[in-house]
Number of protein chains: 2
Amino acid sequence: MLDPINCKIIKTLQDDARISFAELGKRVHLSAPAVAERVRKLEAAGVIRGYRADIDLDKLGYPIVALVQCRVFRAKEKQFKQLVLDSDEVIECYNVTGEQAFIVKVAAPTMPMLDDVLERFCTLSDTNTMVVLSKPRDRVLPGSFVDAAGR
Amino acid sequence: MLDPINCKIIKTLQDDARISFAELGKRVHLSAPAVAERVRKLEAAGVIRGYRADIDLDKLGYPIVALVQCRVFRAKEKQFKQLVLDSDEVIECYNVTGEQAFIVKVAAPTMPMLDDVLERFCTLSDTNTMVVLSKPRDRVLPGSFVDAAGR
DNA sequence: GCTGAAAACATGGACAG
DNA sequence: CTGTCCATGTTTTCAGC
(Lines give C-alpha, C1' and ligand atoms only; values in the text may rest on other atoms or scores of the structure.)
Protein backbone atom coordinates (compact mmCIF):
# COMPACT_ATOMS: atom_id res chain seq x y z
CA MET A 1 0.00 0.00 0.00
CA LEU A 2 2.58 2.57 1.04
CA ASP A 3 5.14 1.72 -1.62
CA PRO A 4 7.49 4.47 -2.85
CA ILE A 5 5.09 5.44 -5.66
CA ASN A 6 2.17 6.00 -3.28
CA CYS A 7 4.44 7.97 -0.95
CA LYS A 8 5.37 10.22 -3.84
CA ILE A 9 1.72 10.58 -4.85
CA ILE A 10 0.87 11.67 -1.30
CA LYS A 11 3.77 14.10 -1.17
CA THR A 12 2.87 15.54 -4.58
CA LEU A 13 -0.84 15.99 -3.76
CA GLN A 14 0.25 17.58 -0.50
CA ASP A 15 2.13 20.17 -2.57
CA ASP A 16 -0.65 20.81 -5.09
CA ALA A 17 -3.91 18.92 -4.80
CA ARG A 18 -5.35 20.32 -8.03
CA ILE A 19 -2.88 18.96 -10.59
CA SER A 20 -4.32 16.63 -13.22
CA PHE A 21 -3.88 12.85 -13.07
CA ALA A 22 -1.99 13.20 -16.35
CA GLU A 23 0.56 15.50 -14.66
CA LEU A 24 0.65 13.41 -11.47
CA GLY A 25 1.22 10.33 -13.62
CA LYS A 26 4.17 11.99 -15.35
CA ARG A 27 5.81 12.80 -12.00
CA VAL A 28 5.56 9.23 -10.72
CA HIS A 29 6.16 7.61 -14.14
CA LEU A 30 2.72 6.04 -14.45
CA SER A 31 -0.21 6.47 -16.86
CA ALA A 32 -3.12 8.71 -15.86
CA PRO A 33 -5.60 5.84 -15.30
CA ALA A 34 -3.06 3.95 -13.18
CA VAL A 35 -2.36 6.92 -10.94
CA ALA A 36 -6.09 7.75 -10.68
CA GLU A 37 -6.76 4.22 -9.48
CA ARG A 38 -3.99 4.47 -6.84
CA VAL A 39 -5.41 7.77 -5.60
CA ARG A 40 -8.91 6.27 -5.44
CA LYS A 41 -7.56 3.44 -3.27
CA LEU A 42 -5.68 5.83 -0.98
CA GLU A 43 -8.92 7.77 -0.51
CA ALA A 44 -10.89 4.57 0.15
CA ALA A 45 -8.29 3.47 2.73
CA GLY A 46 -8.62 6.83 4.49
CA VAL A 47 -4.98 7.75 3.95
CA ILE A 48 -6.16 10.72 1.88
CA ARG A 49 -9.07 12.20 3.81
CA GLY A 50 -9.86 14.86 1.22
CA TYR A 51 -8.51 17.97 -0.47
CA ARG A 52 -8.58 21.44 1.06
CA ALA A 53 -7.82 24.91 -0.16
CA ASP A 54 -5.04 26.43 1.94
CA ILE A 55 -6.53 29.73 3.10
CA ASP A 56 -4.74 32.78 4.54
CA LEU A 57 -6.82 33.55 7.66
CA ASP A 58 -5.14 36.94 7.98
CA LYS A 59 -6.47 37.97 4.53
CA LEU A 60 -9.94 36.73 5.52
CA GLY A 61 -10.02 39.22 8.38
CA TYR A 62 -8.76 37.04 11.25
CA PRO A 63 -5.24 38.38 11.89
CA ILE A 64 -5.05 37.16 15.49
CA VAL A 65 -4.40 33.54 16.43
CA ALA A 66 -3.92 32.39 20.01
CA LEU A 67 -3.20 29.08 21.69
CA VAL A 68 -5.06 28.83 24.97
CA GLN A 69 -4.02 26.30 27.56
CA CYS A 70 -7.06 25.35 29.59
CA ARG A 71 -6.99 23.40 32.87
CA VAL A 72 -10.63 22.48 33.04
CA PHE A 73 -12.35 22.50 36.43
CA ARG A 74 -13.42 19.05 37.60
CA ALA A 75 -17.15 18.55 36.94
CA LYS A 76 -17.08 21.22 34.24
CA GLU A 77 -15.51 19.07 31.55
CA LYS A 78 -18.75 18.32 29.75
CA GLN A 79 -19.72 22.00 29.67
CA PHE A 80 -16.23 22.90 28.50
CA LYS A 81 -16.34 20.49 25.57
CA GLN A 82 -19.69 21.92 24.55
CA LEU A 83 -18.34 25.46 24.73
CA VAL A 84 -15.44 24.46 22.47
CA LEU A 85 -17.83 23.00 19.90
CA ASP A 86 -20.20 25.97 20.11
CA SER A 87 -17.54 28.68 19.78
CA ASP A 88 -17.12 29.97 16.24
CA GLU A 89 -13.67 31.34 17.03
CA VAL A 90 -12.26 27.92 18.00
CA ILE A 91 -10.59 26.37 14.98
CA GLU A 92 -8.70 23.57 16.72
CA CYS A 93 -8.87 21.88 20.10
CA TYR A 94 -6.46 19.25 21.43
CA ASN A 95 -7.23 17.07 24.42
CA VAL A 96 -3.78 16.45 25.88
CA THR A 97 -2.18 14.45 28.70
CA GLY A 98 -2.16 16.14 32.08
CA GLU A 99 -5.07 16.78 34.42
CA GLN A 100 -8.15 17.82 32.37
CA ALA A 101 -5.92 19.71 29.99
CA PHE A 102 -6.84 21.14 26.60
CA ILE A 103 -5.02 23.34 24.11
CA VAL A 104 -7.50 25.46 22.17
CA LYS A 105 -6.56 27.35 19.01
CA VAL A 106 -8.60 30.49 18.51
CA ALA A 107 -8.80 32.87 15.53
CA ALA A 108 -10.10 36.40 16.11
CA PRO A 109 -10.56 39.55 14.01
CA THR A 110 -9.57 41.89 16.86
CA MET A 111 -8.09 41.78 20.36
CA PRO A 112 -11.40 42.67 22.05
CA MET A 113 -12.97 39.72 20.21
CA LEU A 114 -10.22 37.42 21.50
CA ASP A 115 -10.85 38.77 24.98
CA ASP A 116 -14.56 37.89 24.68
CA VAL A 117 -13.72 34.29 23.90
CA LEU A 118 -11.22 34.03 26.74
CA GLU A 119 -13.75 35.36 29.24
CA ARG A 120 -16.12 32.58 28.27
CA PHE A 121 -13.40 29.96 28.70
CA CYS A 122 -12.11 31.14 32.06
CA THR A 123 -15.47 30.49 33.72
CA LEU A 124 -14.89 26.77 33.11
CA SER A 125 -11.11 26.48 33.34
CA ASP A 126 -7.87 28.11 34.39
CA THR A 127 -6.54 29.56 31.16
CA ASN A 128 -3.10 30.53 29.96
CA THR A 129 -3.25 32.47 26.70
CA MET A 130 -0.37 32.51 24.24
CA VAL A 131 -0.80 34.82 21.25
CA VAL A 132 0.92 33.49 18.13
CA LEU A 133 3.63 35.87 16.91
CA SER A 134 4.93 33.77 14.02
CA LYS A 135 5.00 30.22 12.72
CA PRO A 136 8.58 29.34 11.69
CA ARG A 137 7.52 25.81 10.69
CA ASP A 138 4.21 24.71 9.14
CA ARG A 139 3.73 21.48 7.27
CA VAL A 140 1.66 18.30 7.43
CA LEU A 141 4.13 15.55 6.62
CA PRO A 142 7.20 14.83 8.77
CA GLY A 143 10.49 15.54 6.99
CA SER A 144 11.49 11.88 7.14
CA PHE A 145 8.42 10.90 5.10
CA VAL A 146 9.02 13.61 2.52
CA ASP A 147 12.65 12.50 2.13
CA ALA A 148 11.66 8.85 1.71
CA ALA A 149 9.15 9.81 -0.98
CA GLY A 150 11.85 11.48 -3.07
CA ARG A 151 11.42 14.65 -5.06
CA MET B 1 -13.27 41.09 -3.11
CA LEU B 2 -14.74 39.09 -0.21
CA ASP B 3 -18.35 39.28 -1.37
CA PRO B 4 -20.72 36.44 -0.45
CA ILE B 5 -19.93 34.52 -3.65
CA ASN B 6 -16.19 34.51 -2.98
CA CYS B 7 -16.83 33.49 0.62
CA LYS B 8 -18.86 30.54 -0.62
CA ILE B 9 -16.14 29.66 -3.16
CA ILE B 10 -13.58 29.61 -0.34
CA LYS B 11 -15.82 27.54 1.89
CA THR B 12 -16.56 25.10 -0.94
CA LEU B 13 -12.90 24.66 -1.95
CA GLN B 14 -12.13 24.19 1.74
CA ASP B 15 -14.53 21.24 1.71
CA ASP B 16 -13.30 19.69 -1.54
CA ALA B 17 -10.49 21.34 -3.43
CA ARG B 18 -10.65 18.94 -6.38
CA ILE B 19 -14.14 19.66 -7.71
CA SER B 20 -14.36 21.01 -11.26
CA PHE B 21 -15.02 24.68 -12.02
CA ALA B 22 -18.23 23.50 -13.67
CA GLU B 23 -19.41 21.97 -10.38
CA LEU B 24 -18.14 24.91 -8.31
CA GLY B 25 -19.96 27.24 -10.69
CA LYS B 26 -23.21 25.34 -10.18
CA ARG B 27 -22.93 25.65 -6.41
CA VAL B 28 -22.43 29.42 -6.47
CA HIS B 29 -24.78 30.00 -9.45
CA LEU B 30 -22.11 31.20 -11.87
CA SER B 31 -20.69 29.90 -15.15
CA ALA B 32 -17.46 27.89 -15.14
CA PRO B 33 -15.32 30.66 -16.73
CA ALA B 34 -16.67 33.23 -14.26
CA VAL B 35 -15.88 31.10 -11.23
CA ALA B 36 -12.47 30.15 -12.63
CA GLU B 37 -11.66 33.85 -12.98
CA ARG B 38 -12.71 34.53 -9.38
CA VAL B 39 -10.57 31.66 -8.11
CA ARG B 40 -7.62 32.94 -10.16
CA LYS B 41 -7.97 36.34 -8.50
CA LEU B 42 -8.27 34.86 -5.00
CA GLU B 43 -5.05 32.94 -5.69
CA ALA B 44 -3.33 36.06 -7.02
CA ALA B 45 -4.41 38.02 -3.93
CA GLY B 46 -2.93 35.31 -1.70
CA VAL B 47 -6.28 34.50 -0.06
CA ILE B 48 -5.99 30.99 -1.49
CA ARG B 49 -2.38 29.94 -0.92
CA GLY B 50 -2.74 26.56 -2.64
CA TYR B 51 -4.47 23.20 -2.43
CA ARG B 52 -3.37 20.34 -0.19
CA ALA B 53 -4.35 16.73 0.25
CA ASP B 54 -5.61 16.16 3.79
CA ILE B 55 -3.53 13.21 5.00
CA ASP B 56 -4.16 10.88 7.96
CA LEU B 57 -0.77 10.87 9.74
CA ASP B 58 -1.82 7.89 11.82
CA LYS B 59 -2.30 5.78 8.65
CA LEU B 60 1.11 6.95 7.40
CA GLY B 61 2.79 5.40 10.45
CA TYR B 62 2.93 8.43 12.78
CA PRO B 63 0.30 7.65 15.42
CA ILE B 64 1.82 9.88 18.10
CA VAL B 65 1.43 13.66 18.11
CA ALA B 66 2.68 15.85 20.92
CA LEU B 67 2.62 19.56 21.68
CA VAL B 68 5.83 20.62 23.37
CA GLN B 69 5.97 23.88 25.26
CA CYS B 70 9.55 25.15 25.16
CA ARG B 71 10.94 27.96 27.31
CA VAL B 72 14.11 28.60 25.38
CA PHE B 73 17.25 29.45 27.32
CA ARG B 74 18.47 33.00 26.73
CA ALA B 75 21.37 32.96 24.22
CA LYS B 76 20.20 29.62 22.83
CA GLU B 77 17.34 31.00 20.77
CA LYS B 78 19.22 30.92 17.47
CA GLN B 79 20.31 27.32 18.03
CA PHE B 80 16.78 26.41 19.04
CA LYS B 81 15.24 27.81 15.87
CA GLN B 82 17.77 25.89 13.82
CA LEU B 83 16.95 22.66 15.69
CA VAL B 84 13.25 23.20 14.96
CA LEU B 85 13.95 23.62 11.24
CA ASP B 86 16.36 20.67 11.14
CA SER B 87 14.10 18.21 12.98
CA ASP B 88 12.11 15.94 10.67
CA GLU B 89 9.62 15.16 13.43
CA VAL B 90 8.59 18.82 13.89
CA ILE B 91 5.55 19.54 11.76
CA GLU B 92 4.53 22.88 13.26
CA CYS B 93 6.20 25.48 15.45
CA TYR B 94 4.54 28.57 16.95
CA ASN B 95 6.49 31.47 18.38
CA VAL B 96 4.16 32.77 21.08
CA THR B 97 4.00 35.64 23.57
CA GLY B 98 5.78 35.02 26.85
CA GLU B 99 9.50 34.86 27.54
CA GLN B 100 11.24 33.02 24.65
CA ALA B 101 8.29 30.71 24.37
CA PHE B 102 7.55 28.26 21.57
CA ILE B 103 4.93 25.57 21.06
CA VAL B 104 6.31 22.78 18.89
CA LYS B 105 4.08 20.14 17.33
CA VAL B 106 5.88 16.83 16.85
CA ALA B 107 4.76 13.68 15.01
CA ALA B 108 6.43 10.37 15.89
CA PRO B 109 6.04 6.71 14.90
CA THR B 110 6.77 5.41 18.42
CA MET B 111 7.18 6.69 21.97
CA PRO B 112 10.95 6.07 22.02
CA MET B 113 11.19 8.20 18.86
CA LEU B 114 9.26 10.99 20.58
CA ASP B 115 11.62 10.69 23.53
CA ASP B 116 14.62 11.12 21.21
CA VAL B 117 13.25 14.39 19.90
CA LEU B 118 12.44 15.69 23.36
CA GLU B 119 15.97 14.97 24.56
CA ARG B 120 17.35 17.13 21.79
CA PHE B 121 14.98 19.97 22.67
CA CYS B 122 15.59 19.93 26.41
CA THR B 123 19.26 20.79 25.95
CA LEU B 124 18.19 24.19 24.63
CA SER B 125 14.99 24.84 26.59
CA ASP B 126 12.82 23.86 29.52
CA THR B 127 10.19 21.64 27.94
CA ASN B 128 6.70 20.63 28.93
CA THR B 129 5.38 17.79 26.77
CA MET B 130 1.68 17.27 26.16
CA VAL B 131 0.78 14.15 24.21
CA VAL B 132 -2.35 14.63 22.10
CA LEU B 133 -5.12 12.21 23.12
CA SER B 134 -7.83 13.45 20.76
CA LYS B 135 -8.80 16.45 18.68
CA PRO B 136 -12.47 17.27 19.33
CA ARG B 137 -12.32 20.25 16.93
CA ASP B 138 -10.29 20.56 13.73
CA ARG B 139 -11.05 23.06 10.99
CA VAL B 140 -9.43 25.96 9.16
CA LEU B 141 -12.19 28.54 8.90
CA PRO B 142 -13.88 30.08 11.95
CA GLY B 143 -17.54 29.13 12.31
CA SER B 144 -18.64 32.74 11.83
CA PHE B 145 -17.07 32.82 8.36
CA VAL B 146 -18.61 29.51 7.35
CA ASP B 147 -22.06 30.70 8.48
CA ALA B 148 -21.71 33.98 6.57
CA ALA B 149 -20.77 32.07 3.42
CA GLY B 150 -23.98 30.07 3.52
CA ARG B 151 -24.31 26.41 2.67
C1' DG C 1 -0.87 -1.26 -15.34
C1' DC C 2 -1.43 0.24 -20.49
C1' DT C 3 -4.01 1.95 -24.53
C1' DG C 4 -7.71 4.24 -26.98
C1' DA C 5 -12.26 6.28 -27.56
C1' DA C 6 -16.19 9.03 -25.61
C1' DA C 7 -17.83 12.29 -22.31
C1' DA C 8 -16.82 15.94 -19.19
C1' DC C 9 -13.97 19.79 -18.34
C1' DA C 10 -10.84 23.91 -18.87
C1' DT C 11 -9.73 27.87 -21.35
C1' DG C 12 -9.53 31.72 -24.54
C1' DG C 13 -11.98 35.03 -27.46
C1' DA C 14 -16.11 37.73 -28.80
C1' DC C 15 -19.34 40.26 -26.91
C1' DA C 16 -23.34 42.06 -23.60
C1' DG C 17 -24.59 44.55 -19.33
C1' DC D 1 -14.99 45.40 -15.10
C1' DT D 2 -17.44 41.05 -14.68
C1' DG D 3 -20.35 38.19 -16.49
C1' DT D 4 -22.22 34.65 -20.52
C1' DC D 5 -21.68 31.94 -24.65
C1' DC D 6 -19.26 29.19 -27.61
C1' DA D 7 -15.29 26.70 -29.88
C1' DT D 8 -11.14 24.12 -29.13
C1' DG D 9 -7.77 21.37 -26.76
C1' DT D 10 -7.20 18.67 -22.23
C1' DT D 11 -8.52 15.68 -18.89
C1' DT D 12 -11.13 12.04 -16.93
C1' DT D 13 -13.06 7.70 -17.26
C1' DC D 14 -14.23 3.18 -18.85
C1' DA D 15 -13.61 -0.85 -21.83
C1' DG D 16 -10.69 -4.18 -23.52
C1' DC D 17 -6.32 -6.10 -23.12
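The structure displayed is predicted, hence computed values, not measured ones. Per chain, numbering begins at 1; letters A, B, ... match sequence-line order.
The A:Ser20 side chain lies nearest to D:dT12 when the options are D:dC14, D:dT12, C:dC9. Relative to the side chain of A:Ser31, the nucleotides D:dT11, D:dG3, C:dC2 differ in distance, and C:dC2 lies closest. Closest to the side chain of B:Ala22, out of C:dC9, D:dT4, C:dT3, is C:dC9.
In terms of phosphate contacts, B:Lys41 brings a side-chain nitrogen or oxygen within less than 4.0 Å of OP1 or OP2 of D:dT2.
For A:Leu30 and D:dT13, the CG to C1' distance is 16 Å, given to the nearest whole Å. Between the P atom of D:dC1 and the CG atom of B:Asp3 lies a distance of 16 Å, rounded to the nearest Å. To the nearest angstrom, C1' of D:dT2 lies 18 Å from NE2 of B:His29. Spacing between atom CZ of B:Phe21 and atom C1' of D:dG3 amounts to 16 Å, rounded to whole angstrom units. One atom, CD1 of A:Ile19, and another, P of D:dT11, lie 11 Å apart when rounded to the nearest Å. Between the CD atom of B:Glu23 and the P atom of C:dC9 there is a distance of 8 Å, rounded to whole Å. Across the protein-nucleic acid pair, B:Arg40 atom CZ and C:dA10 atom P stand 16 Å apart, rounded to whole Å. Residue A:Glu37 contributes atom CD, which lies 11 Å from atom C1' of D:dT13 at whole-angstrom precision.
By the rule that hydrophobic residues join a cluster once side-chain heavy atoms approach within less than 4.5 Å of another member, A:Leu67 and A:Ile91 end up as members of separate clusters.
Toward the 5' end of DNA chain C, the nearer of the two residues A:Arg38 and A:Arg18, judged by each one's closest nucleotide, is A:Arg38.
Counted within 6.0 Å of NZ on A:Lys135, heavy atoms from surrounding residues, nucleotides or ligands total more than 12; the atom is thus considered enclosed.
Salt bridge status for A:Asp116 with A:Arg120: absent, with no side-chain N to carboxylate O gap under 4.0 Å.
For the pair B:Arg27 and B:Phe21, the cation-pi criterion (under 6.0 Å, within 45° of the ring axis) is not fulfilled.
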